[in-house]
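So you know, we letter chains A, B, ... as the sequences are listed, proteins then strands, and number each from 1. These numbers come from the heavy atoms of this one structure, side chains and all, not from hydrogens, waters or symmetry mates.
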2 protein chains.
Amino acid sequence: MEKQERKVSMAVVKRLPRYYRYLSDLLKNDITRISSKTLSQRMGVTASQIRQDLNCFGGFGQQGYGYNVASLYKEIGNILGVDKAYTTIIIGAGNLGMALAKHNNFEKRGFRLIGMFDVKQELIGQKMRGFEIKHMDELPAFMKKYRPHIGILAVPKEGVTVVAQKLVELGIKGLWNFSYVDLRMIGEVEVENVHLSDSLMTLSYKINQK
Amino acid sequence: MEKQERKVSMAVVKRLPRYYRYLSDLLKNDITRISSKTLSQRMGVTASQIRQDLNCFGGFGQQGYGYNVASLYKEIGNILGVDKAYTTIIIGAGNLGMALAKHNNFEKRGFRLIGMFDVKQELIGQKMRGFEIKHMDELPAFMKKYRPHIGILAVPKEGVTVVAQKLVELGIKGLWNFSYVDLRMIGEVEVENVHLSDSLMTLSYKINQK
DNA sequence: TAGATTGTTAATCGATTAACAATC
DNA sequence: TAGATTGTTAATCGATTAACAATC
C-alpha cells in the first residue's frame, strides 16, 4: 500500500472501483489467484493497463503467480477508503433522495446513512432506516454531534449552492451532488458531481449517430 | 452540422451535454452571443478546447463575433438527438425505477417515458405519469406497438443480462443501465452504464487521500 | 531449473493546449 | 479599416500499450 510519490491521475482512480467490483465477483466464485492477463480478458482492457494502474499504489502481485484475489481486493478497498466506514447524510427527501436512501448497495460498499434532511413539513418525522427525517434547521446540531463525512445532495438545483456552502461550513468532508449544476467548491471539501441527464444525452448521441 | 469525417472521440462527446447545459443557462439569462473565451471562463476549461470540440461538428461560430447562443444551443441539441424526442421505457419499478420515472428533468431534455414494467404483482396496474405499470409478459406486444427507443434498466443485477437481451431482440436502440454490472452488448444496441457506487467510491478515494 | 508473470522502462498513441493566419 | 475572435495547424502533454529484464 505504500508508494504513490507522484499524484495518481483521475483516469486511474476512476478505474479502481471497477477493479474492486470484478475482484469481488472473483472472490464470490472462489477464485483465489488471477493474472493481469486473465483479468484483462474478463474486463475487456489490456493487461498492461491493469499492471500500470495497480503499480501506482504498490506491488501487489508476485512474478510467476499473479495476484492474490482476496488480498488485492482488500488493498483496493483500503485505497478507496471502504474500511473507513464513512457516514453519509442525504439532503433532500424527494424521489431521488428517497431512492438513494433505500438503495442498500452503498451500505454493502461500506457507506452508512445516518441522517436525512428536508424542509417540507409533511416529510419531517417520517421513518427511514431506523431514524427520522429531520428539518434542515436541525442540521447544525446534527453535524456537531455525529460529524458525518459525506453529504449527498438531492435537492433542486436552485438550492444546492446554499446547502453545499452550509455543509462545508459545518465540516463535511465530501459532497456527492445529484443536482443539475456543476458544484465547484473551494477549500477542503471534495466534490463528485453525478449528472444523470448528461449520461442519458450521451446515450442519445450514440443512438442518433448510427 | 455537416462535417465529422472522422470519428469524434468519446472525450469530446461526453462534454457536449455540459456545453448544452451552460448554453441553456445563458439563454435563460438573455445572453445572445458568447465567445469561446468568455464561455471557457464560466466553465473552467480552455477556450481552445471549446473551439476544438465544436469544430468536430462544424463551424458554428463567426470570426470577430463568437457564437450565437440560441443557434449553438440548437445545433448541439441536434447533435445530441434532443430533437428526436426519443421515447423510453423503464424496466424495474423499485425505488430507483420509480425515482427515475418521477424525475421530470429527462422530459425537459426531450425524452418521453411511455412505459414501465416489473414482475411483482403488487406493482402491476399502479398509475404512473398517465399510464399503468405493466407486467414483463406484456413487453413484446408493447415493443411491437410503440417501438420505444431507450430501455432504462433499473432491475437487480442478477436479472439484467436476460432483460437486456430480450430488449435487444425486440428492437430497442439504446440501454441506460443502472444495474451494478457492466453491460456489454453486441450488435446494434448502444449502452450507457451508470454505476452510482463507482462514483461514490471515487469520492471516497478523494476524501481518503487527503 | 523452466515457465509464468510481474514491475517498470520505453514507444506509441491520443487528447489538450498554444499559436496564428483567416476573416467577420 | 482596426479589433476581435474564429477555425485550424503545430507543439505539448499525458495516458495507454508494448516490451522485456527481474524474479517468483
Side-chain angles (χ1 to χ4, degrees), chain A residues 1-19 22-23 26 31-73 75-76 79 202 205, chain B residues 1-19 22-23 26 31-73 75-76 79 202 205:
Chain A
M1 237 197 87
E2 328 319 323
K3 205 173 195 180
Q4 200 182 337
E5 307 88 22
R6 55 182 52 200
K7 207 177 171 306
V8 178
S9 83
M10 260 302 138
V12 174
V13 171
K14 285 196 177 295
R15 283 194 291 264
L16 292 180
R18 189 151 178 267
Y19 292 133
Y22 275 83
L23 289 165
L26 291 170
I31 295 166
T32 52
R33 59 166 280 233
I34 190 137
S35 70
S36 58
K37 194 177 170 210
T38 315
L39 185 57
S40 76
Q41 285 159 348
R42 281 201 180 226
M43 296 184 66
V45 298
T46 62
S48 225
Q49 181 167 76
I50 293 175
R51 293 204 298 278
Q52 282 277 27
D53 284 356
L54 297 180
N55 270 85
C56 293
F57 302 96
F60 301 136
Q62 204 172 333
Q63 281 98 330
Y65 174 87
Y67 299 86
N68 179 283
V69 175
S71 78
L72 184 57
Y73 177 74
E75 293 281 9
I76 296 182
I79 294 163
T202 303
Y205 171 89
Chain B
M1 235 198 88
E2 328 320 322
K3 205 172 196 181
Q4 201 184 336
E5 308 88 21
R6 57 181 52 200
K7 206 176 173 307
V8 178
S9 84
M10 260 301 137
V12 174
V13 171
K14 286 196 176 296
R15 283 193 291 264
L16 292 180
R18 189 151 179 267
Y19 293 132
Y22 276 82
L23 289 165
L26 291 170
I31 295 165
T32 52
R33 58 165 280 233
I34 190 136
S35 69
S36 57
K37 194 177 171 211
T38 317
L39 186 58
S40 75
Q41 285 158 349
R42 282 202 179 225
M43 296 184 65
V45 299
T46 63
S48 225
Q49 181 166 75
I50 293 176
R51 293 204 298 280
Q52 282 277 25
D53 284 356
L54 297 179
N55 269 85
C56 293
F57 302 97
F60 301 136
Q62 204 172 333
Q63 280 99 329
Y65 174 86
Y67 299 86
N68 178 284
V69 175
S71 77
L72 185 57
Y73 177 73
E75 292 281 7
I76 296 181
I79 294 163
T202 303
Y205 171 90

Taking every heavy atom of Tyr65(B) against every heavy atom of Thr32(B), the minimum-distance pair comes out as OH-O, 4.4 Å
In this structure, CE of Met10(A) is separated from OG1 of Thr202(B) (nearest 0.5 Å) by 7.0 Å
Interatomic distance, OH@Tyr19(B) vs CG@Leu39(B), rounded to 0.5 Å, equals 7.5 Å
Whole-Å distance, Lys37(B) NZ to dA19(C) C1', equals 15 Å
Any strand, both distances under 3.5 Å, Watson-Crick or G-U wobble: dC24(C) pairs with dG3(D)
Rounded to whole Å, CG of Asn55(B) lies from P of dT5(D) at a distance of 16 Å
To the nearest angstrom, the CD-C1' distance between Gln63(A) and dT6(C) comes to 4 Å
Separation between CD (Gln41(A)) and OG1 (Thr46(A)), nearest 0.5 Å, reads 11.5 Å
Taken to the nearest whole Å, CD/Gln62(A) to P/dT6(C) is 10 Å
Mate of dA18(C) across any strand shown (Watson-Crick or G-U wobble, both atom pairs under 3.5 Å) is dT9(D)
With B for base contact, S for sugar-phosphate-only contact and - for none (protein heavy atoms under 4.0 Å), nucleotides 11-17 of chain C reads ----SSB
Taken to the nearest whole Å, CD1/Ile50(B) to C1'/dT6(D) is 13 Å
- [ ] For dT5(C), take OP1 and OP2 only and decide whether either is under 4.0 Å from a side-chain N or O of Ser36(A).
- [x] no
Atom CD1 of Ile34(A) and atom C1' of dA4(C) are separated, to the nearest Å, by 15 Å
Report task. Start with the C-alpha gap between Tyr22(B) and Ile50(B), add the side-chain angles, then the distance that decides, and say whether side chain to side chain contact (heavy atoms under 4.5 Å, CB included) holds. Result -> CA-CA 12 Å; Tyr22(B) 276 82; Ile50(B) 293 176; over 6 Å; no
note: Leu72(B), atom CG; dT5(D), atom P; distance rounded to Å ~ 16 Å
Exercise. Below 4.5 Å, heavy atoms only, C-beta onward: do Val69(A) and Leu23(A) meet side chain to side chain?
Worked result: yes
note: Phe57(B), atom CZ; dG7(D), atom C1'; distance rounded to Å ~ 15 Å
- [ ] Would you tell me if any nitrogen or oxygen in the side chain of Arg51(B) comes within less than 4.0 Å of OP1 or OP2 on dG7(D)?
- [x] no
Q: For dG7(C), take OP1 and OP2 only and decide whether either is under 4.0 Å from a side-chain N or O of Tyr67(A).
A: yes
Rounded to the nearest 0.5 angstrom, the CZ-CD1 distance for Arg15(B) and Ile76(B) is 12.0 Å
